[in-house]
Structure formats: structure tokens, C-alpha cells
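Source: prediction; values computed, not measured.
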Amino acid sequence: MKVLGVDIGGTKIRMGVVDEDLNVHLDEQVPTIFPLYDSLEKEIKAVLEKHPDVERIGIGTHGFVDSKRGRVVYATELLPGWSGTEVKQQLEEATGKLVRVDNDANVAALAEAKIGAAKDYERTVCLTLGTGLGGGIILDNYIVSGGPNGGAAEIGHMILYPNGHPCPCGHKGCFEQYVSGTALERRIEEANLPYSPRELFLNADQDAKAKELINAFTFDLAVIISSLQATFDMDCVVIGGGVSESAEYWFDTLKEQLNDHLLNPIDVKIAQFGNEAGMLGASLLVLDN
């Protein structure tokens, strides 16, 4: 069986035709064009014309997703006009194929849990430290997702510091305001340091202020992981996203911080997949069903 996995981002859409042995027969990117649904349907139909043996379509997208209905409950202005789109219903009517839709962080987590860094574990939490903080939770091969508001597993918007730094979601003190790439940039600016996030890590051995900031960042990340462990009792945490690319400079510090916070030891790993995680995970949405 072959399926089409689609990863929808703010600037590009990545599409892959994947078979049940996870061989990739097509991997292409197209610009994200608005109105989004119209352009998405057009691109998918073009792929299906070239690959008529595709039987199912999996979609990973930014936003709050009601995965049961395959509906985008809410998306930010990263994808204008996308909120409220009945993606599953419309695409199934347009293509005659089975369609499943989920949040992009969830499908990336599925890829790591099934075939990536956490493939040997049954209970995994994936944290994507990028512009914000994305999260995906796989428990006993089940994706924790959906809900009536599509907000399950929105880890980035759990509260770390009540009445803390304002978040675009409208709350204050959210996780992502302390352990994302954007949060690192803000911390650097507040500390009056002349560094980019990567330069911060490179200068930690020579700059005590930089080292202090990194310690604060890893402390907060350790507290977050500890809180998630108390909720999900996972076997493994996988850390991905742009910030993970500098993990060689802060990973040991994080592990030291975790020693003081975890209820029980767990394995913490860096994500195996990069930009292809979304496309592969979207494929797995429909290969497993």
C-alpha cells in the first residue's frame, strides 16, 4: 500500500508518497499559497494523477485540530483563513481517498516514536523547541490529540510561571515563553548580551553571564520535563526543533538539572528526524490504520 503524507507549514507544503515499508517514492515541496484549501487540493490531485496507486492521505498541519473530524479548529495568522476548515471532509469528497488530519507536532512525534529516536519505547513525549514550543505525546502507540477544541497536547501553553511573560495565546507564563528559540532571544536581550542563541552557547565557557542564562534555560526545561513525567509517566523524552541543533552545548547541563527533578529516571534523546518528520509522521497516520 502507498499513502500520501502532507506536512503543511506557513511557507511551504511538503508531500511524500510512502509505502508500507517506509520507502519514499516521492518527496517534493511546493509554496504555501492562499487561500490554502484550494491550493492544497490542487497540489494533492496533481500528485494523485502521477501516483494513482496512493490509497490514503495523511495531513499534518499547524493549529488546533479536531483529529476525529479532521477539522482545523483554530490556526494563527501563519495560515490565514485556515481556521474552521473541514479538511478531512472536503478532501475525501474531492479525492475519494481516506484522509486523516492531525496537528503537525503530533505527527512529528509519531515519526520519532515509530521509526525515530524513540522507536524502542512505548510512552514518549516529544518537545519541539523552535519559534514556540510544540509537543506530541504517544502513549502505548496512541496519539494524545484532538478534543472538542483541538487543544490536547498543546504543551507549549501549559503554565510554568503564573503571571509570567505574556504569551500570544493570551495567557502569561506559558512553557514556550521560557524554553523556545524565541524565549532564548528574549532572555539574551533582557540580559544585555550581544549574542544570537547559538553564539550564547558557544561563549558559555568564557562568559559567566551566558553560562548563567543557559543554566536558567535548562533548569526551566528540566522542570517542564519533570511536570510532564508526573502527568504521563513516559519512558522517553525526545527533544527536536531548531534549539536542539545546539544540544551538544547544553545537553549535559540539562541531564544534571534533571537529576534533581525527576520522580524516576527516564531517557532523554535528541530527535532523529529534522524537516522530514512531519511528512513521515503524516504518512504513518494512515499507514497504521
Side-chain angles (χ1 to χ4, degrees), residues 1-10 12-30 32 40 44 47 54-68 70 72 75 79 87-88 91 97-130 132-146 150 152-156 234 236-242 244 269-289:
M1 178 174 69
K2 290 181 182 177
V3 302
L4 174 61
V6 182
D7 179 24
I8 301 173
K12 61 182 181 296
I13 297 172
R14 186 167 185 170
M15 299 185 291
V17 174
V18 181
D19 67 26
E20 55 199 354
D21 296 319
L22 300 178
N23 299 307
V24 179
H25 299 267
L26 170 76
D27 184 356
E28 68 177 31
Q29 296 183 18
V30 296
T32 304
L40 176 67
I44 287 176
V47 171
V54 166
E55 296 182 27
R56 301 173 179 177
I57 302 169
I59 307 281
T61 176
H62 159 78
F64 288 17
V65 179
D66 177 348
S67 55
K68 187 174 182 179
V72 179
L79 298 177
V87 183
K88 173 181 172 67
L91 273 179
K97 310 290 185 182
L98 172 72
V99 177
R100 290 196 67 195
V101 186
D102 213 321
N103 169 267
D104 51 3
N106 290 340
V107 300
L110 184 62
E112 294 293 344
K114 289 286 189 179
I115 58 175
K119 64 182 179 182
D120 297 324
Y121 302 85
E122 293 184 352
R123 301 172 69 86
T124 301
V125 171
C126 293
L127 301 175
T128 305
L129 279 63
L133 173 63
I137 302 162
I138 312 294
L139 301 180
D140 303 324
N141 298 318
Y142 174 78
I143 305 176
V144 178
S145 68
E154 286 293 332
I155 292 171
M234 60 278 194
C236 181
V237 172
V238 177
I239 300 175
S244 72
K269 296 178 175 289
I270 299 302
Q272 178 176 326
F273 298 114
N275 294 330
E276 68 270 33
M279 179 270 287
L280 291 172
S283 300
L284 289 167
L285 273 179
V286 284
L287 277 172
D288 289 346
N289 291 274

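- The shortest distance between side-chain heavy atoms of Lys114 and Asn141 falls below 4.5 Å.
- Two residues are said to be in side-chain contact when any heavy atoms from C-beta on lie closer than 4.5 Å; Ile57 and Lys97 meet this criterion.
- Considering only heavy atoms from C-beta on, Leu40 comes within 4.5 Å of Ile13 through its side chain.
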Can you check side chain to side chain donor-acceptor pair (under 3.5 Å) on Ser145 and Asp102, steps first, answer last? CA-CA 8 Å; Ser145 68; Asp102 213 321; 3.1 Å; yes
Ignoring hydrogens and angles, write down the donor-acceptor pairs under 3.5 Å from the side chains of residues 15-23, residues two or more places apart or on other chains.
from: Asp19; atom 1: OD1; to: Asp21; atom 2: N; distance (Å): 2.9
from: Asp19; atom 1: OD1; to: Leu22; atom 2: N; distance (Å): 3.0
from: Asp19; atom 1: OD1; to: Asn23; atom 2: N; distance (Å): 2.9
from: Asp19; atom 1: OD1; to: Asn23; atom 2: ND2; distance (Å): 3.4
from: Asp19; atom 1: OD2; to: Asn23; atom 2: ND2; distance (Å): 3.1
from: Asp19; atom 1: OD2; to: His25; atom 2: NE2; distance (Å): 2.8
from: Glu20; atom 1: OE2; to: Met1; atom 2: N; distance (Å): 3.3

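- Here the closest heavy-atom approach between residue Phe273 and residue Ala111 is recorded as CE1-O, 3.8 Å.
- In terms of modelled atom types and a separation under 3.5 Å, the side chain of Glu122 and the main chain of Leu139 share no donor-acceptor contact.
- Atoms CG and CG, on Leu110 and Leu284 in that order, are 5.0 Å from each other to the nearest 0.5 Å.
- Contact record, Ile138 with Ala113: CG1-CB, 3.7 Å, taken as the closest heavy-atom pair.
- The line from CD1 of Ile239 to SG of Cys126 is 10.0 Å long, rounded to the nearest 0.5 Å.
- A donor-acceptor pair is defined here as one N or O able to donate and one able to accept, closer than 3.5 Å; such a pair exists between the side chain of Glu112 and the backbone of Ala117.
- The shortest heavy-atom contact between Ser283 and Val3 is O-CG2, 3.7 Å.
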Using the side chain to side chain contact (heavy atoms under 4.5 Å, CB included) rule, take Asn275 and Arg14 through it: C-alpha gap first, then chi angles, then the decisive distance, then the call. CA-CA 9 Å; Asn275 294 330; Arg14 186 167 185 170; 3.7 Å; yes
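- Here the CG-CE distance, from Leu4 to Met279, works out to 9.5 Å after rounding to the nearest 0.5 Å.
- Formation of a donor-acceptor pair under 3.5 Å by the Thr32 side chain with backbone atoms of Gly9 is found in this model.
- With a 4.5 Å cut-off on side-chain heavy atoms, Glu28 and Val47 count as touching.
- Smallest separation of non-hydrogen atoms from Gly278 and Val107: O-CG2, 3.7 Å.
- Judged by distance alone, with hydrogens and angles left aside, the side-chain atoms of Lys269 form no donor-acceptor pair with the main-chain N or O of Val238 at under 3.5 Å.
- Considering only heavy atoms from C-beta on, Leu133 stays 4.5 Å or farther from Thr128 through its side chain.
- The side-chain heavy atoms of Thr61 and Asp104, taken from C-beta on, include no pair separated by under 4.5 Å.
- Here the side chain of Arg100 pairs a donor or acceptor atom with the backbone of Leu285 at under 3.5 angstrom.
- In this structure the side chain of Leu91 reaches within 4.5 angstrom of the side chain of Ile59, judged on heavy atoms.
- Using a 4.5 Å heavy-atom threshold, the side chains of Ile155 and Ile137 count as touching.
- Here the closest non-hydrogen pair linking Gly10 and Leu79 is CA-CD2, 3.9 Å.
- The OG1 atom of Thr124 sits 13.0 Å away from the NZ atom of Lys119 when rounded to the nearest 0.5 Å.
- The two atoms that bring Ala105 and Asn103 nearest to each other are N-OD1, 2.8 Å, heavy atoms only.
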